[in-house]
Amino acid sequence: LKSQARIARFFQAS
Amino acid sequence: MLELRLVQGGLLKKVLESIKDLVNDANFDCSATGFSLQAMDSSQVAVVALLLRPEGFERYWCDRNISMGMNLNNMAKMLKCAGNDDIITLKAEDGSDTVTFMFESPTQDKIADFEMKLMDINSERLGFPEADYHAIVRMPSSEFARICKDLSSIGNTVVISVTKEGVRFSTRGDIGTANVVCRQNTAVDKPEEATIIEMNEPVSLTFGLRYMNSLTKATPLSNTVTLSLSSGLPAVVEYRIAEMGYIRFYLAPKIEE
């Protein structure tokens, strides 16, 4: 089962 | 104050058409680096990063860093009023809550100005991690758009796999399955027609076709598109804008639950 990842998890807010 | 004069005004029209359905509101930043935008789509699956470098403008004047919040649908509405061959100038006074778009016809016989209200947008700057991508595919942008469109009539998601064989785009839906394999092909008349695959290790990622189709609206900006893929990282789909910069889409993959 695949679910859609949210993009923010890949980026550190700076 | 800010004044940016872009002889190829059609280019800005194309930029807006390619992002207005993905992002509602965004800050355009103007600095010595260029005219740029970084925004997340409303469903938080994709990020758009645009850069138009100062060299691409006939006049590029901003005496300090300026951030202008714009509703992209409204901006697209205004830019639709410019002809494809028009020269577009953006102007903003210091502290003003409006931006003016000036459109000049190539023969200078028609000059129009449209003033648009700016908006306050709180947006975090995102830190893009440096990544070594498992595979980088460069292919004709029209071919990539065609594949995404074709597959979306069969299924909702696309699996993009890069192996020694080539790059495979697969989907599955109620009516059946579809696979399109593109092999490396450099024996072409024009360099932009080539498909070039650099693979460090095989990679396979799943993406929503709705998003893929949305970002292929940038196709008119470039003859080629570059897909950078790594397991567990967002894909980077880049359209280079000749001599000026790029528009990049970072698209989150679907992940195992």
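Order of the sequence lines fixes the chain letters, A, B, ..., with proteins taken first and strands second; residue numbering starts at 1 for each chain.
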Q) When you look at CG of B:Asp132, are more than 12 heavy atoms from neighbouring residues, nucleotides or ligands closer to it than 6.0 Å? A) no
(Q) Counting neighbours of NZ on B:Lys149 that are heavy atoms of other residues, nucleotides or ligands and sit closer than 6.0 Å, is the number greater than 12? (A) no
Q: Assess the pair B:Tyr250 and A:Phe11: is the distance between their ring centroids shorter than 6.0 Å?
A: yes
Q: Using a cut-off of 6.0 Å, state whether more than 12 heavy atoms not belonging to B:Asn73 lie near its atom CG.
A: yes
Q. Rounded to the nearest 0.5 Å, how far does CG of B:Leu251 lie from CD1 of A:Ile7?
A. 6.5 Å
Q: Check whether B:Thr157 gets within reach of chain A through its side chain, its backbone, both or neither, counting any heavy atom under 4.5 Å.
A: neither
Q | Taking every non-hydrogen atom, the tightest pair across A:Phe10 and B:Pro253 | A | CZ-CD, 3.8 Å
Q) Should the heavy atoms of other residues, nucleotides or ligands under 6.0 Å from CZ of B:Arg64 be counted, would the total exceed 12? A) yes
Q | Main-chain N/O of B:Phe207 paired to A:Gln4 side chain as donor or acceptor, under 3.5 Å | A | no
**Q.** Residue pair B:Val45, A:Arg6: steps toward the side-chain contact (heavy atoms from CB on, under 4.5 Å) verdict
**A.** CA-CA 5 Å; B:Val45 172; A:Arg6 294 280 171 265; 3.7 Å; yes
Q.
Rounded at 0.5 Å granularity, tell me how far CD in B:Gln44 sits from CZ in A:Arg9.
A. 13.0 Å
Q) Is atom CG of B:Asp94 surrounded by more than 12 heavy atoms (other residues, nucleotides or ligands) closer than 6.0 Å? A) yes
Q) Where do B:Ala252 and A:Ala5 come nearest, in terms of heavy atoms and distance? A) CB-O, 3.3 Å
